[in-house]
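Below, each value reflects all heavy atoms present in this structure, side chains not excepted, and no hydrogens, waters or symmetry copies. Fair warning: this is a prediction, and the values are worked out from it, not measured in the lab. So you know, we letter chains A, B, ... as the sequences are listed, proteins then strands, and number each from 1.
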Amino acid sequence: MLWVDKYRPKTLDKVLIHDDVAQNLKKLVTEQDCPHLLFYGPPGSGKKTLIMALLRQMFGPSADKVKVENKTWKVDAGTRTIDIELTTLLSTHHVEMNPADAGFQDRYVVQEIIKEMAKNRPLDTKGKKSFKVLVLNEVDKLSREAQHSLRRTMEKYSSSCRLILCCNSSSKVTEAVRSRCLNVRISAPTENEIVRVLEFIGKKEGLQLPPGFAARIAEKANRSLRRAILLFETCRVQQYPFTHNQAIPPMDWEEYVSEIASDIMKEQSPKRLFQVRGKLYELLTNCIPPEIILKRLLYELLKKLDSELKHEVSFWAAYYEHRMCLGQKAIFHLEAFVAKFMSIYKGFLIATFG
Amino acid sequence: MAPLLQSSQPWVEKYRPKQVKDVAHQDEVVRVLINTLETTNCPHMLFYGPPGTGKTTTALAIAHQLFGPELYKSRVLELNASDDRGINVVRTKIKDFAAVAVGSARQGGYPCPPYKIIILDEADSMTEDAQNALRRTMETYSKVTRFFFICNYVSRIIEPLASRCAKFRFKPLTEAIMSNRILHICHEEGLNLDSEALSTLSSLSQGDLRRAITYLQSAARLFGSSISSSDLISVSGVIPEEVVQALYSACRSGNFDLADKEVKNVIAEGYPVSLMLTQLFDIVVEADDVSDEQKARICKKLAEADKCLVDGADEYLQLLDVASNTIRALCNLPQEFSYEG
């Protein structure tokens, strides 16, 4: 088992970071009724962990017994019926799914499936928890129509169903949905908090940590706890006992992007652009999301630039990233950014050195 | 449906006014509707205005008061964005409902006029085709059916529909009226709210009563019966003033790397960037030592970034772009780039 899963806190009491949030959540749940919740925060900050712990707190250990079900839903959309296939995780008390997977048909998923699910009220002999919980991931990827239809559904079935929404950025969730939920912001853990977690895991595993080692991992992890723990485990596999100056392996794609960045800095010519295109293609075929490539590339380039160029480059990065999400093929926009950068940089070199 | 637990009902629903005359602050509408109740004569209506000002409440209240609980089901059709409202529904469901003729039989003290009401909530999210299909329907069945359109933006309702209706604008609630309502709820729920928290709540919700009540309920759930203004701020998800100020002063300093660091921090803390833009806008507009031209430059970029965010662009890059533009504006660097090829 990976350490990321092994040391995932199971209950709200055992949560190491965001314990203030956890205590508030606990207070909410113990008072019987629970509002709709919207968790938002950057990746690797612990949203899912908190949600799972919360469910456990609500329903006891039976919330852990989940099964994966691949279900096909028949949705009647006016003149024709649409088959939608969607993977769901269910336990007796909650259902978890990723409605954005249905692509442009997500509207029907939200309207029909949630309605149907919310209508089937759970039978509980003790009558204690008379509602089901529906966990929706990546609500920020839902289309506008789907979010609109979510709002009324939330009000209508609020007696039998609670929604827990989870997303990275709450700007992309419409105001109407946000105002119907209790918003919970989960911030990325600070480096100190990451160090604390790493030391905790080190102790449990019985590892000797040289001083400053955990801090170096935390620095590399970019405030993502998941990444920190994965890095820690990688280091453990690579070499143990840890040495004082052991190298922390960087992600290979990040290396690759930094290579691209230095390629661009060295030479600005159509030939070089062609080589860079090959490298970008390789990154894309390895399923690195294009916006992450662009962000990383900008990060690498900004490190090497004069401050007067930084403004210009960051402007164009924002410009091409926006174009990228409107367009279809990411490679065009990545390449356009590289070409733009080359022309700017060349202009700068000529102006300065003649 | 199972009987609702009293506690699990949102306060927004619990304290929704049941009668037209209880609707706060919208005097013209209330006067016209009370007149309607007496004469049972009613035009098509179009309610528009910002969220949380009582549009849906008014429409539901008038329908209930006209027909009473027994006839309500058969006389009122309520459709909103969560129902499918494409052109098909307009052609079938709405038309069928509109075509049924009804008589007027006074029942149990309710006026029960001889027409039905179709309430189209969130009408601005209807497609243009669907709206067009409604035009003729409205006229043909005007003897037996009245339409109530409810929307936020009157400009999204096509002109032919709007001209067939009596238009009513719902104003944002003033602070006094809002405090009045909030205090009433606090009294009913046994909450303690000091005057500082009350004014914070009014400024946070900006005239949107529903938002104010939702904040109040969330805060009451989390922090118990006595609520301070900082509790309300944490519930509302507003970005703390210090964070926005830190970004702004980083921009003032003219140092790109410093601004970049602040932007990264904002993203890592998980603050929504669209909100950040709004709050940054407030600071910039109110700043005394910034010239009009600089303000204009900054605000233009804020607007562009907001549009990009709506299109789904990356938050970090957009905010960085805004920060870089703000630096250039505040330090009077030229707007045009010098090395653009």
Side-chain angles (χ1 to χ4, degrees), chain A residues 24 27-28 31-33 35 40-42 45 77-79 111 121 130 148-153 155-156 158-160 169-172 175-176 178-180 182-183 185-188 223 291 294-295 298 302 307-312 314-315 317-318 321-322 325-326 343-348 351, chain B residues 1-2 4-5 7-10 13 51-52 80-84 86 88-89 121-122 125 208 210-211 214 217-218 221-222 235-237 255-257 260 267-275 305 308-318 320-321 324-325 327-328 333 337-341:
Chain A
N24 279 340
K27 229 186 286 173
L28 267 186
E31 277 176 23
Q32 274 296 304
D33 76 280
Y40 61 97
S45 57
T79 47
Q111 280 189 346
R121 288 170 47 76
S130 58
H148 270 300
S149 50
L150 198 59
R151 62 200 235 189
R152 193 60 195 162
T153 320
E155 284 181 350
K156 220 162 159 184
S158 67
S159 61
S160 58
S169 81
S170 77
S171 329
K172 287 175 200 159
E175 177 59 41
R178 260 185 291 157
S179 76
R180 283 167 175 78
L182 180 57
N183 294 7
R185 181 174 60 85
I186 311 289
S187 60
R223 295 189 71 176
E291 66 272 10
L294 188 63
K295 262 201 283 193
L298 177 69
L302 284 182
S307 70
E308 51 180 322
L309 275 178
K310 282 179 181 172
H311 294 291
E312 200 164 341
S314 62
F315 169 81
E321 201 275 332
H322 175 224
C325 55
L326 293 181
S343 106
I344 292 170
Y345 193 64
K346 192 108 186 170
F348 168 74
Chain B
M1 278 213 189
L4 284 171
L5 281 173
S7 63
S8 70
Q9 201 181 7
E13 297 296 326
N80 56 42
S82 69
D83 304 295
D84 192 9
N88 270 327
V89 174
D121 206 343
E122 293 145 33
S125 64
D208 181 343
R210 176 176 47 211
R211 208 174 339 160
T214 317
Q217 187 174 17
S218 321
R221 271 176 172 151
L222 279 180
V235 163
S236 65
N255 185 336
F256 184 89
D257 293 319
D260 186 28
I267 300 293
E269 287 292 319
Y271 293 116
V273 171
S274 54
L275 195 62
C308 293
L309 283 179
V310 169
D311 288 338
D314 186 79
E315 295 193 313
Y316 166 72
L317 291 174
Q318 290 302 328
L320 186 65
D321 188 19
S324 129
N325 180 70
I327 291 175
R328 275 182 287 137
L333 295 174
F337 296 119
S338 29
Y339 305 109
E340 202 170 323

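In this structure, chain B has a heavy atom under 4.5 Å from the side chain of Lys172(A), while its backbone stays farther away. Only the side chain of Thr214(B) comes within contact range of chain A, judged by heavy atoms closer than 4.5 Å. Heavy atoms closer than 4.5 Å to chain A are found in the side chain of Asp257(B), but not in its backbone. Using a 4.5 Å cut-off between heavy atoms, Ala351(A) touches chain B through its side chain atoms alone.
Interface summary for chain B: among Lys310(A), Glu308(A), Glu291(A), the most heavy-atom pairs under 4.5 angstrom belong to Lys310(A). In terms of non-hydrogen atom pairs under 4.5 Å with chain A, the most contact-rich of Asp321(B), Leu309(B), Val310(B) is Asp321(B). Ranked by heavy-atom pairs shorter than 4.5 Å toward chain B, the options Ile186(A), Leu309(A), Asn183(A), Asn24(A) are led by Asn24(A).
Of all non-hydrogen atoms in Pro42(A) and Ala268(B), the two that sit nearest each other are CG-O, 3.1 Å. Closest approach of Arg185(A) to Glu269(B), counting heavy atoms only: NH1-O, 2.7 Å. In plain terms, the two heavy atoms of Cys325(A) and Asp311(B) that are nearest each other are SG-O, 3.9 Å. Between Tyr40(A) and Gly270(B), the closest heavy-atom pair is CE1-O, 3.2 Å. The shortest non-hydrogen separation linking Ile327(B) to His311(A) is CG2-CE1, 3.7 Å.
Here the CD-CG distance, from Glu321(A) to Leu317(B), works out to 5.5 Å after rounding to the nearest 0.5 Å.
Side-chain atoms of Leu320(B) and Leu298(A), non-hydrogen and from C-beta on, do get closer than 4.5 Å to each other.
For the pair Lys295(A) and Glu315(B), the salt-bridge criterion is not met [side-chain N within less than 4.0 Å of a carboxylate O].
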